[in-house]
2 protein chains.
Amino acid sequence: MKGKQKALIEAKAKVLKALGHPTRLWLAEQLADGEKCVCELAEPLEADFSTISKHLSVLKEAGVIAGQKRGKMVYYRLKVPCILKYMPCVEAVIEAGIKEQAELLE
Amino acid sequence: MKGKQKALIEAKAKVLKALGHPTRLWLAEQLADGEKCVCELAEPLEADFSTISKHLSVLKEAGVIAGQKRGKMVYYRLKVPCILKYMPCVEAVIEAGIKEQAELLE
DNA sequence: AGGTTATTTGGCAAAACAACCAAACAAAAC
DNA sequence: GTTTTGTTTGGTTGTTTTGCCAAATAACCT
């Protein structure tokens with residue numbers, strides 16, 4: 001694996017890793033139908049604001065979301081919405097696993 | 001976020017997280033056009049066999065790949081091939097980030 | 001200015017992860 | 001049946017990640 005190839009795969013892994021945490025995936029999914037401010041995002045999650053803020057910054061750092069400050073609120077949005085189009089396939093992976101386990105019980 | 005919803009999002013995050021490591025993403029991509037044995041996969045990666053084996057087991061645990069033993073070799077394959085169809089979108093995220101940085105230099 | 005609200009940052013302890021080594025297994029070859 | 005080959009498991013160590021707290025910042029309100 002050479003330099004350029006390696007850099008690309010590392011960049012891709014970073015994006016996937018950013019989404020690879022339940023809280024962050026949930027946050028990204030909340031942005032599916034438009035931007036939301038941190039307060040809207042944080043409310044349903046029973047976690048510290050600082051925790052949410054850090055998760056958002058991981059997503060931002062990975063290039064998944066972007067934030068814009070308006071007034072005293074910060075609004076986040078998906079930068080590349082196709083990122084959520086993947087979820088049906090991810091769910092298919094999970095379903096395949098469940099199906100397999102069910103077959104073991106037969 | 002209730003129990004069932006939570007379990008689903010955790011399962012999805014687990015899949016994404018499994019792919020969220022350069023070595024594991026590379027391994028998954030190697031399986032795009034059919035199964036390969038561990039030895040074939042490990043050879044180009046200059047890492048310990050045990051390291052590769054553990055990465056493969058993370059992918060297996062997440063339901064991304066499945067292994068089958070034939071003779072003394074173990075052959076791994078993608079369980080749900082659509083998992084790689086996502087990469088163009090992931091690349092789009094990276095490109096958007098690069099483009100943005102370029103604009104800063106103008 | 002001083003106070004309040006929304007969000008980020010820094011610091012810290014606990015938990016999870018990654019990579020290596022050595023040892024265990026399992027199937028094949030001798 | 002012992003050795004060799006391919007792969008996994010267990011153990012260790014260093015690094016990274018998480019999540020909470022307290023403090024800092026930033027913009028609005030009075």
Side-chain angles (χ1 to χ4, degrees), chain A residues 1 6 9-28 30-31 34-79, chain B residues 1 6 9-28 30-31 34-79:
Chain A
M1 194 159 32
K6 193 179 164 193
I9 215 153
E10 278 170 3
K12 290 194 285 183
K14 185 174 177 180
V15 172
L16 291 162
K17 185 176 179 179
L19 292 167
H21 184 287
T23 302
R24 290 194 296 262
L25 181 55
W26 183 88
L27 287 166
Q30 296 313 298
L31 302 177
E35 62 176 24
K36 289 212 168 62
C37 71
V38 179
C39 50
E40 285 174 290
L41 291 168
E43 198 217 332
L45 294 170
E46 292 167 18
D48 204 275
F49 259 73
S50 68
T51 301
I52 309 297
S53 181
K54 272 175 189 168
H55 280 306
L56 287 167
S57 98
V58 172
L59 287 166
K60 190 168 72 181
E61 176 73 19
V64 175
I65 64 175
Q68 193 194 6
K69 185 156 193 170
R70 285 207 300 279
K72 56 184 161 183
M73 271 111 111
V74 177
Y75 293 87
Y76 281 97
R77 66 183 168 77
L78 287 180
K79 264 172 88 176
Chain B
M1 197 160 28
K6 194 179 164 193
I9 213 149
E10 279 171 1
K12 289 195 284 184
K14 186 173 176 182
V15 172
L16 291 162
K17 185 175 181 180
L19 292 167
H21 183 287
T23 303
R24 289 194 295 262
L25 180 55
W26 183 88
L27 286 167
Q30 297 312 299
L31 302 178
E35 63 177 21
K36 289 212 168 60
C37 70
V38 179
C39 48
E40 285 175 291
L41 292 167
E43 195 215 335
L45 295 169
E46 292 167 19
D48 205 275
F49 259 75
S50 67
T51 301
I52 309 296
S53 180
K54 271 172 189 167
H55 281 307
L56 287 167
S57 98
V58 171
L59 287 166
K60 189 168 72 178
E61 177 72 19
V64 175
I65 63 174
Q68 194 194 4
K69 186 157 194 169
R70 287 207 298 280
K72 57 184 160 182
M73 273 110 112
V74 177
Y75 292 87
Y76 282 97
R77 64 183 170 79
L78 286 180
K79 264 174 88 177

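Naming: A, B, ... by sequence-line order, numbering from 1 per chain.
- Nearer to the 5' terminus of DNA chain D, by closest-nucleotide assignment, is the contact made by Lys72(B) (compared with the other of Gly71(A) and Lys72(B)).
- Atoms CE and CD, on Met73(B) and Glu35(B) in that order, are 10.5 Å from each other to the nearest 0.5 Å.
- For the pair Lys60(B)/Tyr76(B), a side-chain contact is recorded, criterion being any heavy-atom separation below 4.5 Å from C-beta on.
- Here the side chains of Leu31(A) and Arg77(A) are not in contact, with every heavy-atom distance at 4.5 Å or above.
- Proximity of His55(A) to the phosphate of dT17(D): no side-chain N or O atom is located under 4.0 Å from OP1 or OP2.
- When the nearest nucleotides of DNA chain D are assigned to Ser50(B) and Glu46(A) by heavy-atom distance, the more 5′-ward of the two goes with Ser50(B).
- Between dT8(D) and Ser53(B), a contact under 4.0 Å exists linking OP1 or OP2 to a side-chain N or O.
- In this structure, Asp48(B) places its CG atom 13 Å from C1' of dA23(C), rounding to the nearest Å.
- Atom NZ in Lys14(A) sits about 19 Å away from atom P in dC17(C), given to the nearest Å.
- Distances shown here put every side-chain N or O of Tyr76(A) at or beyond 4.0 Å from the OP1 or OP2 atom of dA6(C).
- For the OP1/OP2 pair of dT17(D) and a distance below 4.0 Å, the side-chain nitrogens and oxygens of Lys17(A) include at least one atom meeting the criterion.
- DNA chain C is contacted by both Gly20(B) and Arg70(B); Gly20(B) maps to the nucleotide lying nearer its 5′ end (nearest heavy atom per residue).
- What separates NZ of Lys69(A) from P of dT7(C) is a distance of 9 Å, to the nearest Å.
- Annotation: the span from Phe49(A) atom CZ to Leu56(A) atom CG amounts to 10.5 Å, rounded to 0.5 Å.
- Within the model, atoms CD1 of Ile9(A) and NZ of Lys14(A) stand 15.5 Å from one another, a figure rounded to the nearest 0.5 Å.
- A donor-acceptor contact under 3.5 angstrom links the side-chain atoms of Lys54(B) to the base of dG11(D).
- To the nearest angstrom, P of dT8(C) lies 7 Å from CG of Leu56(A).
- We find that CE of Met73(B) is positioned 14 Å from C1' of dA26(C), with the value rounded to whole Å.
- Contact annotation: His21(B) does not reach the phosphate of dT16(D) (side-chain N/O to OP1 or OP2, under 4.0 Å).
- Rounded to a whole Å, the OH atom of Tyr75(B) is 19 Å from the P atom of dA26(C).
- Per the geometry, CZ belonging to Arg24(A) stands 12 Å off C1' belonging to dT16(D), to the nearest Å.
- One interatomic measurement links the two molecules: CZ of Phe49(A) to P of dC20(D), which rounds to 13 Å at whole-angstrom precision.
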